[in-house]
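Worksheet for the structure shown next.
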2 protein chains.
Amino acid sequence: MLMANDLPDARDGSATQRAYRVLRKMIVTGELKPGEKLKIDGLRGRLDTGASPIREALSLLTSDNLVERIDQRGFRTAEISAQNFDEILKLRCTLEDLALRESIAKADDAWEEQLVLAHHRMARAKDGNEATFEDLHKLFHMALLANASSPILLKFCSQLYDLNIRYRFLAGRALNYQRRDVSDEHGGILAAAVARDADAASSRLLDHYKMTGAFLAGLLERNELS
Amino acid sequence: MLMANDLPDARDGSATQRAYRVLRKMIVTGELKPGEKLKIDGLRGRLDTGASPIREALSLLTSDNLVERIDQRGFRTAEISAQNFDEILKLRCTLEDLALRESIAKADDAWEEQLVLAHHRMARAKDGNEATFEDLHKLFHMALLANASSPILLKFCSQLYDLNIRYRFLAGRALNYQRRDVSDEHGGILAAAVARDADAASSRLLDHYKMTGAFLAGLLERNELS
DNA sequence: TACGATCAAATTATCGATTTTTTTTGACCG
DNA sequence: CGGTCAAAAAAAATCGATAATTTGATCGTA
């Protein structure tokens with residue numbers, strides 16, 4: 001069963017959904033800086049909605065650990081720190097290893113096809129639209145894990161992905177993501193997964209994370225983040 | 001540093017906080033049944049607040065996986081199933097093992113004292129107030145893990161604890177929790193933790209979970225849940 | 001100068017009313 | 001009968017206004 005690569009449009013869904021998507025992107029991409037106070041009134045202007053949808057969107061973002069809620073004192077974006085990054089990296093390695101192995105253990109044709117497709121879409125988008133590449137990149141990584149019949153685990157992985165990618169955006173130009181041939185790494189992971197080789201897939205995936213992680217951790221230690 | 005065992009009072013905090021605590025307890029204890037529709041208006045009467053705090057509380061509960069939000073169609077409590085329970089149990093074993101080992105690895109006097117204290121409070125409450133025992137029980141289990149300097153991991157564990165305990169409440173009288181001497185098991189875990197024996201502590205903790213888990217899983221398979 | 005109290009401005013939290021969306025009902029037609 | 005459609009009812013989402021709370025500035029006092 002082929003599915004549309006449904007990246008939601010900016011006007012889909014309720015006002016809350018829209019606010020949620022926009023705010024999340026703004027936080028993940030660093031448009032809203034770590035620790036920044038999120039004043040409802042200010043955001044109302046930028047997002048062109050009332051206070052209620054914004055409040056609700058911020059509540060939802062709280063659960064993603066992207067926003068912190070301080071009772072009676074409003075909302076602010078989550079702080080960043082070297083420890084926090086380290087924690088995210090470690091947890092990701094543990095949980096994605098778990099999920100990937102289960103996913104491969106239950107491998108079937110449908111999953112494999114979805115995976116190949118996700119990879120193709122990501123590869124194709126690489127040269128083109130910079131913004132959607134990141135979305136497709138996430139879809140590829142989640143497609144790897146998708147066959148693990150463990151919704152809670154997948155949700156955790158998805159959250160950790162977003163928390164991690166935020167650091168990559170914050171590193172911005174400092175992180176020469178293109179220098180390393182990430183494309184090859186993705187290809188290697190895909191190949192191992194399709195070959196049902198859980199050990200190879202897992203070690204390649206984890207190396208993929210640790211490589212970027214080590215670089216980012218270095219930046220963080222030296223406080224070179226914007 | 002001794003801390004008060006601060007179980008929040010029913011009138012502490014904002015209306016949202018109150019609604020959040022009350023609703024969570026109602027869901028965890030099964031007063032609100034799995035899959036039940038949560039109509040804002042209906043809850044307004046029961047909780048004696050406006051719609052806004054309730055909406056916001058429900059949004060927060062969504063992130064705890066206790067409430068499901070369906071866009072434009074309101075909220076309902078999370079469904080239960082044998083798979084879901086199985087998933088929770090497995091994830092709990094993995095994550096608490098991780099957290100407990102890190103907690104013990106970094107063991108210090110302050111942590112040890114907090115732990116002993118949490119155990120004592122739980123043990124003392126056992127005969128008395130049934131309602132607060134569960135709260136203290138959770139505090140003890142979280143105290144075991146608390147020394148792992150990994151807030152995200154601890155948050156995951158806390159969430160999974162609540163999801164799990166919900167099943168125990170739903171099993172209600174069917175689960176003869178008192179039959180097994182849980183008190184001994186807690187004592188054993190505490191002793192191993194205080195002795196800094198990570199292997200023993202972890203295996204005792206996981207057995208503690210698996211024991212209850214196996215029984216509950218049996219009930220679920222046979223659909224004997226209320 | 002440092003400290004604490006007090007008041008005004010800013011901001012958040014909450015409420016009640018309105019708008020939008022979904023669900024239900026019941027009449028009508030094949 | 002069974003299914004479709006439209007109107008009515010119910011419920012959710014959103015808005016604008018009000019109440020409660022925090023923050024920041026000012027002033028008097030030791």
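The chains referred to below are lettered A, B, ... by the order of the sequence lines, with proteins before strands, and numbering in each begins at 1.
Computed from coordinates, the B:Arg18 CZ to D:dA20 C1' distance equals 12 Å when rounded to whole Å. Here the C1' atom of nucleotide D:dT14 and the CD atom of B:Glu56 are 14 Å apart, to the nearest Å. Rounding to whole angstrom units, CG of residue B:Leu38 and C1' of D:dA10 are separated by 17 Å. Distance CD1 (A:Ile40) to P (D:dT21): 18 Å, rounded to an integer number of Å. To the nearest angstrom, P of D:dT22 lies 12 Å from CD1 of A:Ile70. Rounded to whole Å, the distance from CG on A:Leu43 to C1' on C:dT12 is 13 Å. Between B:Gln17 atom CD and D:dA20 atom C1' the separation is 16 Å, expressed in whole Å. A straight line from CG of B:Leu58 to C1' of D:dA12 spans 12 Å, rounded to a whole angstrom.
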Pairs under 3.5 Å (N/O, protein and nucleotides 5-10 of chain C):
none

Please write out each protein N/O paired with an N/O of nucleotides 16-22 of chain C under 3.5 Å, distance rounded to 0.1 Å.
none

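OP1 or OP2 of C:dT14 has at least one side-chain nitrogen or oxygen of B:Thr16 nearer than 4.0 Å.
Side-chain atoms of B:Lys138 and B:Ser158 form a donor-acceptor pair, as typed in the model, at a separation below 3.5 Å. In this model, a donor atom of one side chain and an acceptor atom of the other lie less than 3.5 Å apart for B:Lys106 and B:Ser149. Between B:Tyr167 and B:Asn84, the side chains place a donor N or O and an acceptor N or O closer than 3.5 Å (distance only, hydrogens not considered). Defined by atom type and a distance below 3.5 Å, a donor-acceptor pair is missing between the side-chain atoms of B:Glu96 and B:Tyr161.
Ionic pairing of A:Asp135 and A:Lys25 is present here: one or more N-O contacts between side-chain nitrogen and carboxylate oxygen are shorter than 4.0 angstrom. Between A:Arg101 and A:Asp97 there is a salt bridge, since at least one side-chain N of the basic residue sits less than 4.0 Å from a carboxylate O of the acidic one. Between B:Arg69 and A:Glu56 there is a salt bridge, with a side-chain nitrogen of the basic residue lying less than 4.0 Å from a carboxylate oxygen of the acidic one. Ion pairing of B:Lys90 with B:Asp86 is present here, as a side-chain N (NZ or NE/NH1/NH2) and a carboxylate O approach within less than 4.0 Å.
For A:Lys37, counting side-chain heavy atoms from C-beta on, the closest listed nucleotide (C:dT14, C:dT12, D:dA13) is C:dT12. If you check D:dC15, D:dA13, C:dT14 against the side chain of B:Ala15, the one that comes closest is C:dT14.
In this structure A:Glu87 satisfies the salt bridge (Lys or Arg N to Asp or Glu O under 4.0 Å) test with no other residue, sequence neighbours excluded.
Here B:Ile54 lies out of heavy-atom contact (under 4.0 Å) with every strand.
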